[in-house]
Amino acid sequence: MTKDPNRASGRTTRMLAHAKKLRAEGRAVYVLADNQREVNRLTIQLGADNHGIKVETPESLGNLDWQRMTLKGAHPNCVVLVDHHAIEDRFGEILRMLHAYDRH
């Protein structure tokens, strides 16, 4: 099995840094995790002062519009960031098809 070059590359850390920046700019920030275990991991990674960032699962929100990456009915100030684990889990087959014929 080949190692995924994107594993442990810092994607989640960079996403959380971006979430903190957006929150500091006054945005309402939601970070979506794949499952409750990942919610706990990301919450710990944010630290004791979570900066007011909400970490949820798509199921716990119930109003996520995946195509627009927004929360239905939410204030326009709200921004949604999705951890790559949640994307890979839900859309893995689509992503594989997207890259199936890439040149290597």
Side-chain angles (χ1 to χ4, degrees):
M1 183 171 175
T2 52
K3 182 183 180 308
D4 180 351
N6 291 318
R7 298 256 327 142
S9 67
R11 287 183 292 183
T12 298
T13 300
R14 288 189 300 275
M15 179 195 61
L16 293 177
H18 185 218
K20 291 175 186 177
K21 178 181 177 288
L22 290 168
R23 185 67 190 122
E25 293 170 358
R27 303 293 299 269
V29 181
Y30 285 83
V31 172
L32 299 186
D34 190 31
N35 52 51
Q36 190 58 48
R37 188 183 85 237
E38 290 296 308
V39 167
N40 297 340
R41 184 179 69 82
L42 294 177
T43 301
I44 289 168
Q45 195 169 344
L46 276 170
D49 175 14
N50 66 1
H51 307 272
I53 296 167
K54 307 278 191 225
V55 183
E56 303 280 348
T57 64
E59 293 77 20
S60 68
L61 289 172
N63 60 340
L64 175 64
D65 180 340
W66 280 103
Q67 290 181 337
R68 291 178 181 77
M69 295 308 306
T70 59
L71 299 178
K72 297 172 194 162
H75 190 277
N77 187 45
C78 181
V79 63
V80 176
L81 304 177
V82 183
D83 188 49
H84 64 94
H85 292 287
I87 295 168
E88 291 161 353
D89 184 57
R90 285 165 173 74
F91 302 105
E93 289 301 316
I94 291 171
L95 292 171
R96 280 186 279 286
M97 181 57 68
L98 174 67
H99 296 294
Y101 306 104
D102 289 355
R103 294 177 190 220
H104 296 286

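Residues: numbered from 1 along the sequence shown. Here the structure is a predicted model, which means the values were calculated and not measured.
- Note on Leu64 and Tyr30: same hydrophobic cluster, where clusters join Ile, Leu, Val, Met, Phe, Trp and Tyr whose side-chain heavy atoms are under 4.5 Å apart, directly or indirectly.
- Cluster annotation: Leu32 is connected to Leu95 through the hydrophobic network of ILVMFWY side chains, with a link wherever side-chain heavy atoms come within less than 4.5 Å.
- Counting only heavy atoms from C-beta outward, the side chains of His85 and Asn35 never approach each other to under 4.5 Å.
- A distance of 5.0 Å separates CD1 of Ile53 from CG of Leu46, quoted to the nearest 0.5 Å.
- His75 places a side-chain N or O within donor-acceptor distance of the main-chain N or O of Asn77, the cut-off being under 3.5 Å.
- Heavy-atom minimum distance, Leu71 versus Cys78: CD1-SG, 3.8 Å.
- Taking every heavy atom of both residues into account, Met15 and Leu81 meet most closely at O-CD1, 3.9 Å.
- Thr57 and Ser60 make their closest contact through O-OG, 2.8 Å (heavy atoms, listed as atom of the first residue, atom of the second, distance).
- Interatomic distance, Glu93 CD to Glu88 CD, rounded to the nearest 0.5 Å: 12.5 Å.
- At a threshold of 4.5 Å between side-chain heavy atoms, the hydrophobic network of Ile, Leu, Val, Met, Phe, Trp and Tyr places Leu22 and Leu16 in one connected group.
- In this structure, a donor-acceptor pair under 3.5 Å is present between the side chains of Thr13 and Gln45.
- Lys54 NZ: 12 or fewer foreign heavy atoms inside a 6.0 Å radius.
- Few gaps surround CZ on Arg14; more than 12 heavy atoms of other groups in view lie less than 6.0 Å from it.
- Note on Val82 and Leu61: same hydrophobic cluster, where clusters join Ile, Leu, Val, Met, Phe, Trp and Tyr whose side-chain heavy atoms are under 4.5 Å apart, directly or indirectly.
- In terms of heavy atoms, Val29 sits closest to Arg23 at CG2-N, 3.7 Å.
- Applying the side chain to side chain contact (heavy atoms under 4.5 Å, CB included) test to Ile44 and every residue at least two apart in sequence or in another chain returns nothing.
- For Pro76 against Arg27, the heavy-atom pair with the smallest separation is O-NH2, 3.8 Å.
- Expressed to the nearest 0.5 Å, how far CG of Leu42 lies from CG of Asp34 amounts to 10.0 Å.
- For Val31 against Ala19, the heavy-atom pair with the smallest separation is CG2-CB, 4.1 Å.
- Each of Met97 and Trp66 belongs to its own hydrophobic cluster when Ile, Leu, Val, Met, Phe, Trp and Tyr are linked at side-chain heavy-atom distances under 4.5 angstrom.
- Residue pairs satisfying the salt bridge (charged side-chain N to carboxylate O under 4.0 Å, His left out) criterion with at least one member in residues 40-52, sequence neighbours excluded, are listed as follows: Glu38-Arg41, Arg41-Asp83.
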